[in-house]
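We count residues from 1, following the sequence as given.
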Amino acid sequence: MTKFQLIFTGIFGVFIFVGVIIFATGNLGGGGDSVANVVVWGFVPNAIMEEVIETAGVKESKTVKVEYVQKDKATFDQEFINALASGIGPDLFFLSQDSILKYRDKIYTIPYSAISERTFKDTFVEAGELYLSTQGVLAVPFTIDPMVMYWNRTIFSNAGISTPPKTWGEFYDLTKTLTQKDGALNIKQSAIAMGGYNNVTHATEILSILIMQAGGYPSLRQGDVIQSTLNNSFSASITPANTALSFYTEFSNPAKPFYSWNPSLPTSKNHFISGDLATYFGFASEVADIQAKNPNLNFNVAKMPQSIGAEKIITFGALNALAVTKNSQKKAGAIEVAMALVGKPALAVLLEYTKLPPVRRDMLAVRPTDPYMSVFFESAIQAQAWLMPDRPSANTIFKDMIESVTGGRKNISESVGKASGELDLLFKKI
């Protein structure tokens, strides 16, 4: 199909969808205007988002007019709360998966009579199902940023190793070959950055991946109740969180033969960029930053290592979705805009600029020839995430869980149990 045909088909589908919405839920508000002026707050740069909106056909149509406002993630929370309190908040806003619970009472839930659970699951990646509730759809997935493994080709080739590790168990031998120490046993080159928190970039996500690969989840939702499952065995002989935490902390233990990391080293990302870390676990979106900071770095990307014998291949995915504000007076228009923005034509433009994999399954089915993008596409399909009470609290709990073991204050089981209890207390407050 031509680009024009794709756009026309997408827009026609949106009109049908919004018609169903209005029929199912009644008048969702248009402020009395024939054209709904929909304000969208998001994190994508203005220039990119303007083209996405234009391609989606909702920049200025017969039913909607879109005003996009780029926001800084660092100040978004305060601006959003203040705007809602003043009655001037956005009609549509970017909702990350780690903010779902924090903003749950500020989101308009799109009923399943308008978009079925089956349609949602058939359309979007599995990680996006965090935006489903018992009542309907909380937000429509817009972007996904999966975690991958960056590996230093020079370090591997100097050691005579041709391929990066595919399983975590391979790091036990790799650390003996790739980790280098000076005469005073100070680490100069590391095989893997794991064991600490403050200088391990994305430590919460890495430990989450290990837990999920071991067969567990940090939290699960049953109906409308969210509970911590860190202390749940999931029918395994050893609690998955215990297995994950034990493995994670081993690499910072000087008494172990695979000791490879300590708190005195730079952050794992900077250590990799400087050429002194063999493997770095980061998001797909970081590739451009790594290239810019060290154009001479000889690196490649690969899928995240997996646990041997695991039933499911898993990595972590950071998502942003389009959520309708509960107090918006233009809900029908906001839904129309959201559905147009997650159409194939609009997401194709977003992909072109961001180089991030799309959230749609039908688009992920067509694999790109670019070597980086092929890994990103496959990782997006296999990405998972979990519901957090909020990001800062989750980070604090995971930090304490790790450091209580590495600092010798608690054993593995005690640390996991304490973290699980703290998560549960926060979930009960929500």
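Arg409 and Asp400 are joined by a salt bridge, as a carboxylate oxygen and a charged side-chain nitrogen come within less than 4.0 angstrom of each other. Remark: Lys102 engages Asp77 in a salt bridge, criterion side-chain N to carboxylate O under 4.0 Å. Here Arg391 pairs with Asp98 in a salt bridge; the nearest charged N to carboxylate O distance falls below 4.0 Å. In summary, Glu170 and Lys166 do not engage in a salt bridge, as defined by a charged side-chain N under 4.0 Å from a carboxylate O.
Taking the six-membered ring for Trp and the full ring otherwise, Phe94 and Phe76 have centroids separated by 6.0 Å or more. The six-membered or imidazole ring of Phe283 lies near that of His202, with a centre-to-centre distance under 6.0 Å. Aromatic pair Phe281/Phe272: ring centres not closer than 6.0 Å.
At a cut-off of 3.5 Å, with distance as the only test, no side-chain donor of Asp424 or Ser228 sits close to an acceptor on the other residue. When only modelled atom types and interatomic distance are considered, Glu286 and Tyr280 share a side-chain donor-acceptor pair under 3.5 Å.
Partner of Phe93 under the ring-ring contact (aromatic ring centres under 6.0 Å, His included) criterion, chosen from Tyr108, Trp41, Phe142, Phe80: Phe80.
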Notebook entry, point to check: Between Thr325 and Ser328, is a side-chain hydrogen bond (donor to acceptor under 3.5 Å, both in side chains) present by the stated rule, with each step listed?
Noted result: CA-CA 5 Å; Thr325 311; Ser328 169; over 6 Å; no
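Between Phe398 and Trp386, the two ring planes are parallel [angle under 30°; tilted spans 30° to 60°].
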